[in-house]
Visitor: 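One structure coming up, written as structure tokens, with questions to follow.
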Amino acid sequence: QGLFGQSDFAYRYPSLLAGILLVPLLFQFGRRLQSTLAGLVVALLAAVNPLQIYYGNEARMYTLFVLLAAAASYVLWRALSGANLRRALLLYLLLAGLAFYTHYTAAFLIAAQGLFWIWLLWREGHKRLIIGMGVVALLVAIPVIPVTVPRFFTGAEADYFYVPPLVMLLDVLRFFSLGLTADFNETLISLLLLAILVLALVG
């Protein structure tokens with residue numbers, strides 16, 4: 001309230017800000033990972049991504065989640081590239097924890113990246129840090145467990161129904177490539193979607 005006010009724009013502004021901050025972060029990530037050209041390309045793709053634009057206009061957490069997950073991934077990559085290990089681990093735990101509390105599906109990303117941290121810490125001889133990292137992760141997760149675990153054992157929620165995996169995959173491809181408002185029955189849109197799929201497979 002003190003920073004942004006109480007207008008409709010004020011409630012949506014944090015989402016917009018997170019979406020904007022993602023662009024230079026991905027430029028830096030791409031530049032360090034490959035080249036300046038790669039950084040520019042990935043930053044451009046983030047800037048015009050239909051879902052990022054869509055959720056950048058909503059008072060929801062999705063753009064913040066993407067920003068935090070990308071930042072945590074960047075810190076992990078920096079650690080793998082030789083950055084100060086302890087400092088990188090502390091920063092990663094902070095960013096990953098914030099991402100987890102922004103949206104609990106971050107647990108899947110953190111679990112996958114945790115394998116890289118275990119390998120990295122083991123290789124550098126920091127075996128106690130592996131145990132410490134596990135304890136911190138457990139302590140961070142404990143407050144969320146009573147809220148999330150019971151949902152796995154409850155019945156179907158209102159307005160939820162089964163969706164075949166292929167339909168979900170196609171929806172993800174469509175939404176991330178051309179957005180929520182494109183008419184996928186048009187021939188030109190279908191050809192464009194096919195071209196994007198081919199580029200993704202080549203990449």
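Since the model is a prediction, treat every value here as computed from it, not as a measurement.
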Visitor: May I ask you to test the Leu121-Leu89 pair for a side-chain heavy-atom distance under 4.5 Å?
Guide: yes
Visitor: Using the test ring-ring contact (aromatic ring centres under 6.0 Å, His included), find all partners of Phe65 that sit at least two apart in sequence or belong to another chain.
Guide: His103
Visitor: Is there a continuous path of hydrophobic side-chain contacts, each under 4.5 Å between heavy atoms, that joins Phe29 to Val48?
Guide: no
Visitor: Heavy atoms only: give me the nearest Val144-Phe100 pair and the separation to one decimal.
Guide: CG2-CE2, 3.5 Å
Visitor: Identify the two heavy atoms, one from Ala38 and one from Gly30, that lie closest to each other, and give their separation to 0.1 Å.
Guide: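 Closest heavy-atom pair between Ala38 and Gly30: CB-O, 3.9 Å.
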Visitor: Taking atom CG of Leu26 and atom CG of Leu44, what is their separation to the nearest 0.5 Å?
Guide: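 Output value for this atom pair is 11.5 Å.
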Visitor: How far apart are the closest heavy atoms of Ala47 and Ile53, and which atoms are they?
Guide: O-CD1, 3.7 Å
Visitor: Might you point out which heavy atoms bring Ile110 and Ala96 nearest each other, and give the distance in Å?
Guide: CD1-O, 3.5 Å
Visitor: Looking at every non-hydrogen atom in both residues, tell me the closest pair between Ser15 and Arg60 and how far apart they are.
Guide: OG-O, 2.7 Å
Visitor: Would you mind reporting whether Thr36 and Phe27 have side-chain heavy atoms less than 4.5 Å apart?
Guide: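 Phe27 reaches Thr36 side chain to side chain.
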Visitor: Tell me the closest heavy-atom pair linking Ser73 and Leu109, and the distance in Å.
Guide: OG-CD2, 4.3 Å
Visitor: Rounded at 0.5 Å granularity, tell me how far OG1 in Thr63 sits from CG in Asn49.
Guide: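 Going from the OG1 atom of Thr63 to the CG atom of Asn49 covers 11.5 Å.
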Visitor: Determine whether Leu94 and Val136 fall in the same hydrophobic cluster, where Ile, Leu, Val, Met, Phe, Trp and Tyr are linked whenever their side-chain heavy atoms lie under 4.5 Å apart.
Guide: yes
Visitor: If you define the side chain from C-beta out and look only at heavy atoms, does anything of Tyr74 sit under 4.5 Å from Leu91?
Guide: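 Sidechains of Leu91 and Tyr74: no contact.
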Visitor: Consider side chain to side chain contact (heavy atoms under 4.5 Å, CB included). Of Leu16, Val23, Leu22, which one does Ile20 pass it with?
Guide: Leu16
Visitor: Is it true that atom CD of Gln34 has more than 12 heavy atoms of other residues, nucleotides or ligands lying nearer than 6.0 Å?
Guide: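 Count not over threshold, so no.
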Visitor: Looking at Arg87, Arg78, Gln113, which one forms a side chain to side chain donor-acceptor pair (under 3.5 Å) with Tyr92?
Guide: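 The side chain to side chain donor-acceptor pair (under 3.5 Å) with Tyr92 is passed solely by Gln113 among Arg87, Arg78, Gln113.
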Visitor: Would you check if Leu85 and Trp117 make a side-chain contact, meaning some heavy-atom pair closer than 4.5 Å?
Guide: yes
Visitor: If you link I, L, V, M, F, W and Y whenever their side-chain heavy atoms are under 4.5 Å apart, who else ends up in the same group as Leu115?
Guide: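 Same cluster as Leu115: nobody, lone residue.
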Visitor: Under a 4.5 Å side-chain heavy-atom rule over Ile, Leu, Val, Met, Phe, Trp and Tyr, are Trp122 and Trp119 clustered together?
Guide: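 Yes: a chain of side-chain contacts under 4.5 Å links Trp122 to Trp119.
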Visitor: For the CG atom of Leu93 and the CG atom of Leu98, what is their distance to the nearest 0.5 Å?
Guide: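 It is 11.0 Å, given to the nearest 0.5 Å.
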Visitor: Count the heavy atoms belonging to other residues, nucleotides or ligands that lie under 6.0 Å from CZ of Arg123, then report whether that count exceeds 12.
Guide: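 More than 12 within 6.0 Å, yes.
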Visitor: For the hydrophobic clusters of this structure (ILVMFWY residues joined by side-chain heavy atoms under 4.5 Å, transitively), does one cluster hold both Phe116 and Leu120?
Guide: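 Linked within one cluster.
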Visitor: Quick check: does any side chain N or O of Tyr104 sit under 3.5 Å from a backbone N or O of Ile145, one acting as donor and the other as acceptor?
Guide: no
Visitor: Taking Leu80 as the starting point, is it possible to reach Leu90 by hopping between hydrophobic residues whose side chains are less than 4.5 Å apart?
Guide: no
